[in-house]
Engineer: 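Next up is a structure, given as C-alpha cells.
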Amino acid sequence: MMNKDFAGEMLTTMIKIRLFEEKAVELFAAKELPGWLHSYIGEEAVATGVCLALNPGDYISSTHRGHGHCIAKGVSLKAMMAELYGKKTGYCHGRGGSMHIADFSKGMIGANGIVGGGIPVATGAALGSKMKKMGKVSVCFFGDGASNQGAFHEALNLAAVWNLPAVYVCENNLFAETTPQSEHQHINDIAQRAVAYGMFGDIADGMNVLSVYEKAKLAADRARNGEGPTLLECKTYRYRGHWEGDPQPYRTKKEIEEWKKKDPIRAFQQYVIENRLLTESEIEKATHDIQAEIDEAVVYGRKSPLADVQEAVCSLFV
Amino acid sequence: MMNKDFAGEMLTTMIKIRLFEEKAVELFAAKELPGWLHSYIGEEAVATGVCLALNPGDYISSTHRGHGHCIAKGVSLKAMMAELYGKKTGYCHGRGGSMHIADFSKGMIGANGIVGGGIPVATGAALGSKMKKMGKVSVCFFGDGASNQGAFHEALNLAAVWNLPAVYVCENNLFAETTPQSEHQHINDIAQRAVAYGMFGDIADGMNVLSVYEKAKLAADRARNGEGPTLLECKTYRYRGHWEGDPQPYRTKKEIEEWKKKDPIRAFQQYVIENRLLTESEIEKATHDIQAEIDEAVVYGRKSPLADVQEAVCSLFV
Amino acid sequence: MRQISYREALHEVLDYELQINPDVFLLGEDIGPLGGAFGVTTGLWQKYGNERVRNTPLSEIAIVGAATGAASVGMRPVAEIMFCDFLFVAGDQLINQTAKMRYMFGDQCQLPLVIRTVIGAGQSAAAQHSQSLEGLLAHIPGFKSVIPSTPYDAKGLLKTAIEDNNPVLFYEHKSLYNMKGEVPEEMYSIPFGVADVKRKGKDVTVIATAEMVHKSLRVADRLQKEGIDVEIIDPRTLVPLDMDTIINSVKKTHKAVVVHEAHLSYGPGAEIVARLADEAFDYLDAPLKRVGAKDVPIPMAPHLESFVIPQEEDIYKAIKSVVD
Amino acid sequence: MRQISYREALHEVLDYELQINPDVFLLGEDIGPLGGAFGVTTGLWQKYGNERVRNTPLSEIAIVGAATGAASVGMRPVAEIMFCDFLFVAGDQLINQTAKMRYMFGDQCQLPLVIRTVIGAGQSAAAQHSQSLEGLLAHIPGFKSVIPSTPYDAKGLLKTAIEDNNPVLFYEHKSLYNMKGEVPEEMYSIPFGVADVKRKGKDVTVIATAEMVHKSLRVADRLQKEGIDVEIIDPRTLVPLDMDTIINSVKKTHKAVVVHEAHLSYGPGAEIVARLADEAFDYLDAPLKRVGAKDVPIPMAPHLESFVIPQEEDIYKAIKSVVD
Ligand SMILES: Cc1ncc(C[n+]2csc(CCOP(=O)(O)OP(=O)(O)O)c2C)c(N)n1
Ligand SMILES: Cc1ncc(C[n+]2csc(CCOP(=O)(O)OP(=O)(O)O)c2C)c(N)n1
Ligand SMILES: [Mg+2]
Ligand SMILES: [Mg+2]
C-alpha cells in the first residue's frame with residue numbers, strides 16, 4: 001500500500017492541517033478573525049488517515065473542530081480562509097464561519113456547531129447514497145463528548161438496522177470541552193458502543209496515521225460492499241485548549257507534553273524517512289509550498305469583499 | 001425466599017393485573033372509557049417480579065402500557081379506575097387518563113405517553129434519592145422500542161457515570177407498536193446495551209415471575225448498595241394488540257398462541273400448587289376477592305363526580 | 001365532483017409521487033404494514049415495498065436527521081412524525097440542522113423534504129398527544145408551514161410541499177382525517193402563501209386554521225341568522241403568510257378575530273394579530289380578538305378537554321364581542 | 001451603592017442558595033472547574049464540591065430529565081444549558097415532561113427547578129450559538145419565563161426563580177454578563193409578573209427585553225434631543241406577563257413599539273402586541289410596531305450579524321414611524 005506518492009500525500013495533508021491551524025490561531029489571536037476557533041492541532045492523523053481512505057465523491061460531515069476534516073477532504077484553502085474571515089468568497093459567503101464550513105462539491109456536507117448534531121444528517125446522506133445507488137460512503141466525525149448525545153444513539157441504531165454505508169469516526173481526545181472522559185462516561189473504549197447496535201466496532205491509534213488509514217479503509221470497504229456501518233474510535237489528543245482562549249484548568253502541562261511525544265506528524269515523518277519514501281529536502285520543499293499556499297489563502301481571505309447584506313436576508317429559501 | 005405469603009402475593013398481583021386489564025378492555029370496548037387503552041395482558045410477570053423486589057418507598061416510572069406497573073406497586077384500584085373514567089377522584093383528577101397515572105405517595109412517579117420520555121426523569125429521581133440519602137431505588141420501565149430513543153442513551157450514560165441507584169427494566173415484548181424488533185434494531189438482547197455504559201446488564205425470562213423477581217432483586221440490591229445501575233431486559237410478549245383496536249397486520253394468531261402456552265400466571269399457579277404453597281381453593285378465593293375489588297373500583301369510577309372545569313384551568317402553577 | 005376524505009386526499013398525493021418520482025420516499029414509525037397511526041399511508045408499503053416506504057425505529061431524531069441528510073444529497077423524503085407532540089424529540093435536528101443547513105452553508109444544497117405530522121385534540125388522548133404545536137417552528141426561519149383544513153386543500157398543498165425544494169412542515173389535524181369533501185381526480189398544486197376565503201362576509205373577518213375553520217363556519221351560519229355576516233379566511237400556510245388577503249378583508253369588515261387550536265399565549269394567532277395591528281391599523285374599528293386553547297396542558301377527560309379547546313361558543317362570543 | 005456585573009449578580013445568588021439550602025444543587029456542562037462557558041459558576045465547584053456542582057456529560061436530555069426527576073422528589077436543581085440553542089436537544093423533556101408533569105399528574109408533586117440558559121448574538125458565533133429562543137417555550141403552559149436585563153434584576157429574579165416551586169426558564173443574554181450596575185449586597189427577590197419601567201416618558205411606550213432594553217435606552221436619549229419622550233418598559237418575565245404596567249403606559253402614550261432580539265415572525269413580541277391590540281385598543285393612536293431579528297438564521301460575519309440583529313437605528317426608525 002505504501003508508495004512514495006501516497007506517503008507524500010499523507011504527510012503533506014497532515015502538515016497542511018497543522019500549518020493552516022497554526023496560522024488560524026495566529027490570526028485569531030491578532031483579532032483578525034471574528035467568531036470562535038477550535039484548533040485541530042494534535043489530531044491531524046485522524047482526519048488524514050480517514051479521508052485518504054475515501055473516494056473523492058464520498059461524504060464526510062464534521063464538527064466544531066472541523067478544519068482538519070475539510071483540508072483532508074481536499075477543499076480549497078482559499079475559500080476556507082475566506083469563510084474564516086467572513087467574506088463573500090468563503091464557502092458560506094460568511095454566514096457560517098469556522099464552525100460551519102461545507103463544500104458539497106467535494107462531498108464535505110458540513111461542519112456543525114451542535115455537538116452530535118451532524119451524526120443523524122450524515123446517516124441520512126448514507127441513506128441517500130444507498131437509495132440512489134451512488135456507491136458513496138458517508139463518514140461522520142465526532143468527539144468522545146458527542147458519543148453521549150441521543151442523536152448518536154438514534155443514528156447509529158438506524159444505520160445498523162438499515163445496513164447503511166456509513167462510518168462513524170469517534171475522535172476520542174479524552175475531553176469534552178473541560179470534562180475528562182472518565183467523568184462523562186463509565187467506559188474507556190467508545191468503540192464498545194458498537195455492540196449496542198450490532199455494528200462493527202474498531203479502534204485505531206489516532207496518533208498514527210497508518211493505523212487510522214488501515215482501520216478506516218477496512219470500514220469504508222465494508223460500507224461500500226454492503227457489509228454495514230462501522231464505529232471507529234480513534235484515540236487522540238488535542239494540544240491546544242478546547243477553544244482559543246480556554247484557560248485549561250482541567251489538565252496539566254505535563255500531560256500535554258507527554259502526548260506531544262507521540263506527535264503524529266513527527267512520527268510519520270520519521271517513518272517515511274527511515275523507509276526511504278521521502279527525503280528531508282523533499283519534505284522541506286513540500287512544507288514550503290504548503291506555507292505559500294496558506295499565505296496566499298490568507299491574502300485572499302483578507303482582500304475578499306464582504307457579502308452583500310441584502311442578499312444575506314433574501315436567500316432563505318430556494 | 002419462597003414462602004406461602006410471598007407466593008400468594010406474587011400470584012394475586014399477577015391475577016389482579018390480568019383481571020383489571022380484562023375489565024378495562026371490556027369497559028373500553030363498551031365505550032365506557034374515554035381515550036385510548038394499551039393492555040398489559042401477557043406481561044404481568046414483569047411488573048410483578050420487579051415491584052415485589054422493591055421496598056415500599058422505592059420509585060418506579062412507567063409507560064403508556066402502565067396499569068400493570070401501578071397495580072404491582074400497590075396503588076389504589078379505585079383511584080386508577082376513576083382516572084380511566086376521567087373523574088375527579090382519579091389520581092390525576094381526570095387530567096391524565098390511562099397513559100398518565102401516578103401515585104407519588106406510593107413512589108409511582110408517573111406513566112408516560114412519550115416513549116422513552118420517562119427514562120431521564122426516573123434517572124433524576126434516582127439522583128434525588130442519592131443526594132438526599134433516601135436509600136430509595138428508582139426503577140424505570142420501558143419497552144424494546146423505547147431503547148432506540150436518544151433519551152434512553154443519555155439517561156443510562158448519566159446513571160452509569162454518576163453511579164445512581166437506578167434499575168432500567170426493558171420489557172422486550174418483541175414489537176414497538178407494529179414494528180418487530182428485528183426491524184427496529186440489529187441486536188437480539190437489549191441487555192447488551194449495558195456494555196455501552198459500563199453498566200451491569202442482565203436478562204430475565206419475562207414470562208416467569210420468579211426469574212424476573214430474582215434478577216430484579218439482584219439489581220435493586222446492587223443499586224441500594226451503591227454498586228450502580230442495571231439494565232435488566234425481560235423477554236416477554238403482549239397478547240393483545242398494541243392498543244385496543246389494533247388490527248395487528250404484523251403477526252399471526254399462531255405466534256400469539258405459541259406465546260400463550262408460556263402464560264406467566266398459569267405457569268406460576270402450577271408452580272405454587274405443585275410446591276404446595278397454595279391450594280386451588282385458596283387461589284379461587286383470592287381470585288374471587290380480586291374480582292370483587294375490581295368491580296367495586298368500577299362502580300367507584302362510574303359513580304364518581306367529574307372534575308370541576310374551572311379548577312382544571314386554574315391550577316397550572318403551585 | 002367526487003367526494004373523498006382528507007386522509008384519502010393525502011394518500012393520493014403520496015401514491016402519485018411515489019409512482020412518478022424515484023427520489024421520493026416515505027419514512028416514519030409504523031407507516032409500513034399498518035399504514036401509519038392514522039392510516040394515511042395504507043397500502044403504500046404493500047405497493048412500493050420496504051425501500052420506498054420505510055418503517056423506522058422509534059427514533060424521531062434519526063427520522064428527521066435521515067430525511068435531512070438524504071434530502072441534502074438529492075432525495076425527496078416525506079417523513080411522518082406520528083404526533084406533533086413528538087416533533088421536539090427531534091427538536092435540535094429541526095431547529096439547528098434542517099432549518100439552517102441550506103442557508104448556513106451558503107446555499108450549497110437544496111433541502112426538499114416534507115415532514116408530515118398530526119395536530120389537534122378531541123380524542124381524549126391527553127397532554128402528550130393532543131397539542132397543536134404549529135406555532136413553534138413557524139418562529140424558526142427555514143421552514144415553510146402548512147396547515148390544511150379541507151380535503152381539497154390537503155391534496156393541493158401536499159403536492160406543492162413535495163415539489164418544494166425547502167423543508168416543509170405539514171400539519172394534519174386528527175379530527176379532519178375522516179372529513180369528506182370535493183377533490184378532483186387529477187393532480188393540482190395549491191401555491192403556498194395564498195389564503196383561501198372559506199366564506200364571504202362583510203361584517204367581521206375570522207382568520208382560522210385546521211379544524212377551527214369548520215367550527216367557525218358553523219358559528220358563521222348561526223350568526224347569519226342574527227344578521228351578522230362573517231368572512232372566514234384560512235391562511236392555509238403560516239409561513240409564508242398571506243397577509244394581503246387578510247388585510248383586504250379587514251379593510252372591508254374593520255374587525256378581526258383569529259381562531260386556532262394552539263394555546264392562546266405566544267401562539268401563532270398573535271403574529272396575525274400583530275401584523276394587523278401594524279399594517280391594517282387604520283382600518284380597524286374594534287379590538288382584535290383571539291381564540292385559542294386555554295393555557296394549560298390538554299386534559300384527558302372529555303369535559304375538561306372540551307373546556308380547554310376552543311368550542312363554537314367561544315368563537316361565537318369572541319365575534320359577538322367585536323360586532324356588538 | 002456598589003456596582004457589580006450581571007455575571008457576579010447571578011453568581012451571588014447561586015452561591016447563597018447553595019450555602020443555605022442543601023436541596024439546591026447545580027448541574028450542567030462544564031460548570032465545574034471551568035465555571036461554565038460564561039463563568040457564572042466560577043469557584044462554586046471548588047467551594048461546594050462535585051456533588052452540589054455537577055459537571056454533566058454532554059447530554060442535554062439527561063440534564064433536563066435529571067433536573068426534572070430530582071425536583072419531583074424534593075430537590076431544587078438549577079440546571080445550566082450552555083446556549084439556548086441547545087434547549088431543543090432536550091425539547092421533548094422540556095415540552096412533554098417538565099412542563100406537564102405537575103399538572104398532568106393532578107398536582108401530586110411540586111417541580112422546583114430552574115433552567116438557566118444563554119441567549120443572544122453579537123459574538124459572531126453563527127446560526128447555532130446566537131439565537132434568542134425565549135419565545136418558543138413561553139407558548140408551552142407550565143413554564144415561567146424570565147429574561148433579566150440588568151445586574152439588579154438578574155439577582156432578584158434568580159432568587160425568586162430558585163424559590164419558586166414550578167419550572168422556571170431563565171434566559172441570560174451573553175452580551176450582558178460584563179455589564180455593571182448597582183446591586184445591593186443583601187439578598188432580595190423580585191416578584192415575577194412585575195414589569196419595570198426602565199425610563200419614564202410620555203410620548204411613546206417601548207417594551208423591550210434583555211439587551212434591547214439598553215439599545216432602546218440609548219435611542220431614547222437620542223430621541224429626547226429631538227423632543228420625543230420615550231417610556232421604556234422591561235417586562236422582565238414573559239410568563240407571567242405584566243400587561244397592566246404596559247397598558248397603563250400605553251393609556252398615557254397611546255403608542256407602542258415592542259423590541260426584542262428574537263426573530264420577528266411568530267416571536268414573543270407578537271403576544272405583547274396582540275394583547276395591546278385587544279386590551280388597549282381604545283387608547284391606541286398609531287399602528288403597533290415590532291422590532292426583531294430578521295427572519296434568517298443568524299449569520300457569522302459581523303456585518304451580516306449586525307444587519308440581522310436589531311440595531312439602535314432600527315429601533316429609532318420604528319419609534320419615529322409612530323410618533324411622526
Ligand atoms: C448540543 C451541544 N451541547 C453543548 C455544546 C457546547 N460544546 C461545544 S464543543 C463541546 C465539547 C465537545 O466534546 P467532543 O465531542 O469530545 O469534541 P472535541 O471538542 O473534544 O473535539 C461542547 C460541550 C454544543 N456545541 N452542542
Ligand atoms: C416519542 C414517541 N414516539 C412515538 C410514539 C408512538 N408510540 C406509542 S407506543 C409506541 C411503541 C412502543 O414500543 P415499546 O417501547 O416496545 O413499548 P410497547 O408498546 O411494546 O410496550 C409508539 C411508536 C410515542 N408515544 N412517543
Ligand atoms: Mg473530545
Ligand atoms: Mg415493545
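Quick note on labels: first sequence line is chain A, next is B, and so on, each numbered from 1.
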Engineer: Is A:Q185 close to chain D through its backbone or its side chain, or both, or neither, when contacts mean heavy atoms under 4.5 Å?
Structural biologist: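 It is neither, since no heavy atom gets under 4.5 Å.
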
Engineer: What residues of residues 297-305 of chain D sit under 4.5 Å from chain A when you count only heavy atoms?
Structural biologist: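 Within residues 297-305 of chain D, the residues under 4.5 Å from chain A are D:P297, D:I298, D:P299, D:M300, D:A301, D:P302, D:H303, D:L304.
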
Engineer: Using non-hydrogen atoms and a limit below 4.5 Å, what part of residues 308-315 of chain D faces chain A?
Structural biologist: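 Those residues of residues 308-315 of chain D which have a heavy atom under 4.5 Å from chain A are D:V308.
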
Engineer: What part of D:N50 gets closer than 4.5 Å to chain A, counting heavy atoms only: side chain, backbone, both or neither?
Structural biologist: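 For D:N50, neither part sits under 4.5 Å from chain A.
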
Engineer: What is the minimum heavy-atom distance between A:I114 and D:Q128, and which atoms define it?
Structural biologist: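 Closest approach of A:I114 to D:Q128: N-OE1, 3.3 Å.
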
Engineer: Taking atom NE2 of A:H184 and atom CD of D:E29, what is their separation to the nearest 0.5 Å?
Structural biologist: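 With rounding to 0.5 Å, NE2 (A:H184) is 10.5 Å from CD (D:E29).
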
Engineer: For the interface with chain A, which of D:T56, D:I61, D:N55 has the highest count of heavy-atom pairs at distances below 4.5 Å?
Structural biologist: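 With the most close heavy-atom pairs to chain A, the winner is D:N55.
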
Engineer: For the backbone of D:L58 and the side chain of A:Q149, can you confirm whether one donor and one acceptor N or O come within less than 3.5 Å of each other?
Structural biologist: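 The answer is yes, because a donor-acceptor pair under 3.5 Å joins these two groups.
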
Engineer: What distance do A:M99 atom CE and D:S124 atom OG have between them, rounded to the nearest 0.5 Å?
Structural biologist: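 Taking CE in A:M99 and OG in D:S124, the distance rounds to 10.0 Å.
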
Engineer: Which atom pair, heavy atoms only, marks the closest approach of A:A176 to D:D30?
Structural biologist: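 Closest approach of A:A176 to D:D30, heavy atoms only: O-OD1, 3.5 Å.
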
Engineer: Against chain D, label A:D308 side chain, backbone, both or neither, depending on which of its atoms sit under 4.5 Å from a heavy atom there.
Structural biologist: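 It is the backbone, since no side chain atom gets that close.
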
Engineer: Among A:G117, A:G113, A:P249, who wins on heavy-atom pairs under 4.5 Å with chain D?
Structural biologist: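 Heavy-atom pairs under 4.5 Å are most numerous for A:G113.
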
Engineer: Let me know if A:A151 has heavy atoms under 4.5 Å from chain D in its side chain, its backbone, both or neither.
Structural biologist: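 Neither part; nothing is under 4.5 Å.
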
Engineer: So D:L34 and A:P247, do their side chains get closer than 4.5 Å, heavy atoms only?
Structural biologist: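 Result yes, sub-4.5 Å side-chain heavy-atom pair found.
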
Engineer: In terms of heavy-atom proximity below 4.5 Å to chain D, should A:H93 be classed as side chain, backbone, both, or neither?
Structural biologist: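 Only the backbone of A:H93 comes within 4.5 Å of chain D.
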
Engineer: Restricting to non-hydrogen atoms, name the atom on A:H100 and the atom on D:A126 that form the minimum distance, rounded to 0.1 Å.
Structural biologist: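 Distance-wise, the nearest heavy atoms are CD2-CB, 3.5 Å.
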
Engineer: So for A:L33, is it side chain, backbone, both, or neither that comes closer than 4.5 Å to the heavy atoms of chain D?
Structural biologist: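 No part of it gets close to chain D.
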
Engineer: Could you grab the distance from atom CD1 of D:I31 to atom OG1 of A:T178, nearest 0.5 Å is fine?
Structural biologist: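 If I round to the nearest 0.5 Å, the distance is 10.0 Å.
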
Engineer: For chain A, which of D:Q123, D:E60, D:K294, D:H129 has the most heavy-atom pairs under 4.5 Å?
Structural biologist: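 Looking at each of D:Q123, D:E60, D:K294, D:H129 in turn, D:H129 comes out on top.
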
Engineer: Among A:S315, A:A307, A:G150, A:A312, which residue forms the greatest number of heavy-atom pairs with chain D at distances under 4.5 Å?
Structural biologist: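 Among A:S315, A:A307, A:G150, A:A312, the one with the most close pairs to chain D is A:A307.
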
Engineer: Centroid separation under 6.0 Å, is that true for the rings of A:W36 and D:F83?
Structural biologist: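 Yes, close enough.
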
